Novice: 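Below are the structure tokens for one structure; questions will follow.
What you see is a predicted model, and the numbers here were worked out from it, not measured in a lab.
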Amino acid sequence: MPPTLPPPGKAVTVRKVFSRETSVSTHVGATPDTVWALLTDAADMTRWNSTLVSFNGDLQPGGRIELVSTLAPKRTFKLKVKELDAPRRLVWGDAMGTRVYTLEPAAGGTHFTMREKIGGPVFPLFARMIPPFDEAFEQFAADLKREAERQSASAAG
């Protein structure tokens, strides 16, 4: 029997000794272009994304971004944009982890997936200090879905 997929919008985390990977997927009732515009508008990111305290930077290949998450509001994450393939794939990260956003056209909208893998040789030494991402990933996916569908409905109406 194939593995059971989680319900849309429900995060899944796979823990290994040297890494942890969290992912979430959902259907968004908006075009990939609409979803992509939200993911790549740094100036507007904190308006619709309740998982962020601040977000600044250049969302271009090789660009640098700085973000503060509600999971760690006293820490600024300094990340590099590793890949930008509009409107399909956005990848950013640092030496410890990589976050990948994937958009696939689907009937009636977009299949959105966000996946982050963190780890490395010293990961077991501090793994317990990193909070779980599941709730924040679920909230991000819900925020993105809500805003993209709101914009899509406004454009249609």
Side-chain angles (χ1 to χ4, degrees), residues 5-28 30 32-106 109-148:
L5 295 174
K10 182 74 176 153
V12 174
T13 297
V14 176
R15 290 172 179 78
K16 297 183 179 178
V17 174
F18 293 102
S19 67
R20 183 177 87 189
E21 184 170 336
T22 302
S23 62
V24 67
S25 293
T26 195
H27 177 82
V28 179
D33 286 333
T34 299
V35 178
W36 184 259
L38 289 169
L39 288 176
T40 56
D41 185 351
D44 192 42
M45 192 83 65
T46 57
R47 179 187 61 79
W48 61 266
N49 182 351
S50 66
T51 69
L52 289 176
V53 175
S54 68
F55 189 97
N56 297 292
D58 182 19
L59 281 165
Q60 297 298 323
R64 301 278 180 188
I65 59 174
E66 293 185 1
L67 68 86
V68 178
S69 163
T70 56
L71 279 178
K74 294 182 181 187
R75 179 171 178 204
T76 299
F77 292 91
K78 297 180 180 192
L79 309 165
K80 181 179 179 183
V81 177
K82 298 178 176 185
E83 189 179 331
L84 193 113
D85 181 16
R88 293 185 287 249
R89 187 172 155 95
L90 170 61
V91 181
W92 68 46
D94 59 15
M96 291 302 304
T98 300
R99 181 171 292 186
V100 180
Y101 300 89
T102 307
L103 309 177
E104 298 171 10
T110 304
H111 180 77
F112 167 76
T113 302
M114 178 172 68
R115 176 175 287 118
E116 182 161 335
K117 184 172 185 177
I118 55 173
V122 297
F123 182 73
L125 300 175
F126 60 86
R128 283 185 286 239
M129 294 183 272
I130 302 172
F133 293 170
D134 298 55
E135 190 175 304
F137 271 45
E138 291 169 6
Q139 185 62 52
F140 178 91
D143 288 351
L144 179 67
K145 177 179 175 66
R146 181 174 37 258
E147 182 60 16

Novice: Give a yes or no on whether the backbone of Ala30 and the side-chain of Thr110 come within a donor-acceptor separation of less than 3.5 Å.
Specialist: yes

Novice: Answer whether the closest heavy-atom distance between the side chains of Leu144 and Thr26 falls below 4.5 Å.
Specialist: no

Novice: Parallel, tilted or perpendicular: which one describes the rings of Trp92 and Tyr101, with boundaries at 30° and 60°?
Specialist: perpendicular

Novice: Quick one: closest heavy-atom pair of Phe123 and Val17, and the distance?
Specialist: CD2-O, 3.7 Å

Novice: Tell me, do Leu59 and Met45 make a side-chain contact under 4.5 Å, heavy atoms counted?
Specialist: yes

Novice: Do the non-hydrogen side-chain atoms of Leu84 and Trp36 ever get within less than 4.5 Å of each other?
Specialist: yes

Novice: Please lay out, stage by stage, how Asp134 and Thr22 fare under the test side-chain contact (heavy atoms from CB on, under 4.5 Å).
Specialist: CA-CA 7 Å; Asp134 298 55; Thr22 302; 4.3 Å; yes

Novice: Taking Asp85 as the fixed residue, which of Arg89, Arg88, Lys82 is the one that meets the salt bridge (Lys or Arg N to Asp or Glu O under 4.0 Å) rule?
Specialist: Arg88

Novice: With a 3.5 Å distance limit and no angle check, can you tell me whether Glu66 reaches the backbone of Asn56 through a side-chain donor-acceptor pair?
Specialist: no

Novice: Hey, does Val53 have a side-chain heavy atom less than 4.5 Å from the side chain of Thr46?
Specialist: no

Novice: For residues Asp33 and Pro87, report the shortest heavy-atom separation together with the two atoms involved.
Specialist: OD1-CG, 3.4 Å

Novice: Report yes if some heavy atom in the side chain of Lys78 is under 4.5 Å from a heavy atom in the side chain of Arg64; otherwise report no.
Specialist: no

Novice: Please give me the minimum heavy-atom distance between Thr34 and Ala148, naming the atom from each residue.
Specialist: CG2-O, 3.8 Å

Novice: I would like to know whether Thr13 and Arg20 meet side-chain contact (heavy atoms from CB on, under 4.5 Å); could you show each step before the answer?
Specialist: CA-CA 7 Å; Thr13 297; Arg20 183 177 87 189; 3.5 Å; yes

Novice: Using every non-hydrogen atom in the two residues, find where Ser25 and Thr113 come nearest and quote the distance to one decimal.
Specialist: OG-OG1, 2.9 Å

Novice: Which atom pair, heavy atoms only, marks the closest approach of Pro121 to Pro124?
Specialist: O-CD, 3.6 Å

Novice: Any donor and acceptor pair, going by atom type alone, linking the side chain of Lys145 with main-chain N or O of His27 inside 3.5 Å?
Specialist: yes

Novice: When the ring planes of Phe137 and Phe133 are compared, do they come out parallel, tilted or perpendicular, using 30° and 60° as the limits?
Specialist: parallel

Novice: Does atom NZ of Lys80 have more than 12 heavy-atom neighbours, drawn from other residues, nucleotides or ligands, at distances under 6.0 Å?
Specialist: no

Novice: Can you confirm whether Ser19 sits close enough to Lys117 that some side-chain heavy atom of one is under 4.5 Å from a side-chain heavy atom of the other?
Specialist: yes

Novice: Taking the side chain as C-beta and beyond, is there a heavy-atom pair between Leu38 and Trp48 under 4.5 Å?
Specialist: yes

Novice: Using the rule given for side-chain contact (heavy atoms from CB on, under 4.5 Å), can you reason through Phe112 versus Leu39, listing the C-alpha separation, both sets of side-chain angles and the distance that settles it, and then say yes or no?
Specialist: CA-CA 11 Å; Phe112 167 76; Leu39 288 176; 4.1 Å; yes

